[in-house]
Amino acid sequence: MTIIESVAEMQRFAREARTAGKTIALVPTMGYLHEGHASLMREGRKRGDVLVASIFVNPTQFGPSEDLDAYPRDLARDTAVASVAGVDVIFAPKAGDMYPTGFQTYVNAEELTLPLCGASRPGHFRGVTTVVTKLFNIVMPHVALFGKKDFQQLAVIRRMVADLNMDIEIIGMPIVREDDGLAMSSRNAYLQPEERQNALCLYRALVTARGLFNGGERSVKILSERVVRLIGEVPAASIDYAEFRDMGTLEAVETADEGTLLALAVRIGKTRLIDNCILGEEN
Ligand code: AMP
């Protein structure tokens, strides 16, 4: 496995791979890798001749009062995880190489970025679509893999790829969870032991809503009340949003259906966690 830090060198590598007739798979990450990332990498291994994982804590997707500086980083451990998962190249650029002085061009998807995380994190998705576009231009992948854990992000990237005619196949991968149901996340590292227990309220809410839905409940008002009440039982939890939305358009729905997205963002102490499920689907 090779580690490439320079943008120019990564582009050279990608150009040569393509010239040699090889397909390139890309897994973009912010590092502090866990089994969720590894699952994307293992799938990427099957889908490309060359597997690149990018590790870049992207400053433009963090708001001024967010956790950019505190975001956990451990390149040595990430290298080991990526290597076991079959990665050929880790692309780990420096922020100054990605955003040199004078940088001023951004990619912005519109409607899909307005609700949910877009509403509570202004500018977040503009940072995501911009960095993913840059990564696509640098790594030149044929296929790129993203997790459904960040459901809105996946929807936004699919939209961007379609709207801007990017010739890249986007693969959405299932949410990987701890044994007790907590969705794996680099931010779980922030949780103190008691908070780690409290964080289970997200999964409990998803399971409860899915159970009610499977039992025939279709009223979003009733489902929402149950979700809000359940999370409210944990005093340390504060809901950023708990919403039932159309999984394609992300528009709010009043009646739940197969394919309705239940998306949660909940603060446990200072840590903001997100999770989701699609009603009618196992996951
Ligand atoms: P991040 O490093 O948090 O930006 O995540 C990088 C990629 O891994 C994104 O496409 C995420 O959706 C995906 N990912 C993160 N956590 C999980 C998880 N628990 N299960 C599946 N994919 C995940």
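Everything numeric in this text was worked out from a predicted model, so none of it was measured. Reckoned from all heavy atoms, side chains included, excluding hydrogens, waters and symmetry mates.
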Over-ring placement of Arg77 relative to Tyr32, 6.0 Å and 45° cut-offs: yes
Greater than 12 external heavy atoms within 6.0 Å of Glu111's CD: no
Side-chain donor or acceptor of Thr255 paired with backbone N/O of Ser219 under 3.5 Å: no
Exam field: side chain Gln197 to backbone Ala199, donor-acceptor pair closer than 3.5 Å: no
Joint hydrophobic cluster, Val220 plus Val228, side-chain heavy atoms closer than 4.5 Å: yes
Verify same cluster id: Val266, Tyr203 (apolar side-chain graph, 4.5 Å): no
Between CG on residue Leu261 and CZ on residue Arg245, distance to nearest 0.5 Å: 9.0 Å
Leu279 side chain near Glu258 side chain, heavy-atom distance below 4.5 Å: no
Leu26 and Ser54: CA distance, side-chain angles, deciding distance, side chain to side chain contact (heavy atoms under 4.5 Å, CB included) verdict: CA-CA 7 Å; Leu26 170 66; Ser54 60; 4.1 Å; yes
Taking every non-hydrogen atom, the tightest pair across Val7 and Asp97: N-OD2, 3.1 Å
Rounded distance [0.5 Å steps], CG in Leu202 versus SG in Cys277: 11.0 Å
Minimal non-hydrogen separation, Ala242 against Val227, with atom names: CB-CG1, 4.0 Å
His142 (side chain) donor-acceptor with Thr23 (main chain) under 3.5 angstrom: no
Path from Val52 to Met166 over hydrophobic side-chain contacts below 4.5 Å: yes
Euclidean distance, Leu250 CG relative to Arg159 CZ, rounded to 0.5 Å: 11.0 Å
Any donor-acceptor pair under 3.5 Å from Thr113 side chain to Phe125 backbone: no
SB check Arg196 Asp180 (cutoff 4.0 Å): yes
Met98-Val57 co-clustered via ILVMFWY side chain contacts under 4.5 Å: no
Under 3.5 Å side-chain donor-acceptor pair for Arg12 and Ser6: no
Trace of the side chain to side chain contact (heavy atoms under 4.5 Å, CB included) decision for Val132 with Val107: CA-CA 9 Å; Val132 170; Val107 178; over 6 Å; no
Side chains of Asp246 and Thr249, donor plus acceptor under 3.5 Å: yes
Validation row: Thr260, Ile278 side chains within 4.5 angstrom (heavy atoms): no
Flag side-chain contact, heavy atom, 4.5 Å: Leu212 against Asn214: no
Test item: Tyr71 and Phe62 side chains (from C-beta on) under 4.5 Å apart, heavy atoms: yes
Whether Asn198 side chain and Ile268 backbone form a donor-acceptor pair below 3.5 Å: no
Cys201 side chain reached by Glu233 side chain, heavy atoms, under 4.5 Å: no
Derivation of the side chain to side chain contact (heavy atoms under 4.5 Å, CB included) call for Asp49 and Ile24: CA-CA 6 Å; Asp49 300 321; Ile24 302 173; over 6 Å; no
Residue list, ring-ring contact (aromatic ring centres under 6.0 Å, His included) with His34, at least two apart or on another chain: His37
Lys/Arg-Asp/Glu bridge criterion (N-O < 4.0 Å) met for Arg121, Glu66: yes
Atom pair CG (Leu200) and CD (Glu178), whose distance is rounded to the nearest 0.5 Å: 9.5 Å
Side chain Thr208, main chain Arg204, donor-acceptor under 3.5 Å: yes
Ile175 side, atom CD1; Ser39 side, atom OG - distance, nearest 0.5 Å: 10.5 Å
Arg218 to Phe213, cation-pi by 6.0 Å centre distance and 45° axis angle: yes
Criterion salt bridge (charged side-chain N to carboxylate O under 4.0 Å, His left out) on Arg177 and Glu35, from CA distance to verdict: CA-CA 8 Å; Arg177 300 179 177 283; Glu35 189 50 34; over 6 Å; no
Pair Arg272 + Asp240: basic N to acidic O under 4.0 Å: yes
Main-chain N/O of Lys46 paired to Arg42 side chain as donor or acceptor, under 3.5 Å: no
Shortest non-hydrogen separation from Gly44 to Ala25 and the atoms involved: O-CB, 3.5 Å
SB check Arg187 Asp67 (cutoff 4.0 Å): yes
Side-chain heavy atoms of Phe13 within contact of Met140, under 4.5 Å: no
Contact summary for Ala144 and Ile168, nearest pair of heavy atoms: N-CG2, 4.0 Å
Same apolar cluster (I L V M F W Y, side chains within < 4.5 Å links), Val50/Leu135: yes
Side chain to side chain contact (heavy atoms under 4.5 Å, CB included) between Gln153 and Phe146, worked out: CA-CA 9 Å; Gln153 168 174 282; Phe146 295 85; 4.1 Å; yes
Ion pair check, Arg267 and Glu195, cut-off under 4.0 Å: no
Any donor-acceptor N/O pair, Gln152 side chain to Pro115 backbone, under 3.5 Å: yes
Heavy atoms of other groups near Asp167 CG, more than 12 under 6.0 Å: no
Side-chain donor or acceptor of Ser224 paired with backbone N/O of Lys221 under 3.5 Å: no
salt_bridge(Glu43, Arg47) N-O dist < 4.0 Å: yes
Any donor-acceptor pair under 3.5 Å from Asn58 side chain to Gly127 backbone: yes
Glu5 bridged to Lys94 by N-O distance under 4.0 Å: yes
Nearest-0.5 Å distance, NZ of residue Lys270 to CD of residue Gln192: 10.5 Å
Hydrophobic cluster (4.5 angstrom, side-chain heavy atoms) - remaining members for Leu114: none
Residue pair Ala109 / Val156: nearest heavy atoms and the distance that separates them: CB-CG1, 3.9 Å
Residues clustering with Val87 (ILVMFWY side chains joined when closer than 4.5 Å, directly or via others): Met1, Ile3, Val27, Leu33, Leu40, Met41, Leu51, Ile55, Leu75, Val81, Ile90, Val143, Leu145, Ile171, Met173
Contact summary for Asn108 and Arg126, nearest pair of heavy atoms: OD1-CB, 3.7 Å
Validation row: Phe244, Glu254 side chains within 4.5 angstrom (heavy atoms): no
Residue pair Thr60 / Tyr99, side-chain donor-acceptor N/O under 3.5 Å: yes
Tyr241 side chain near Cys117 side chain, heavy-atom distance below 4.5 Å: yes
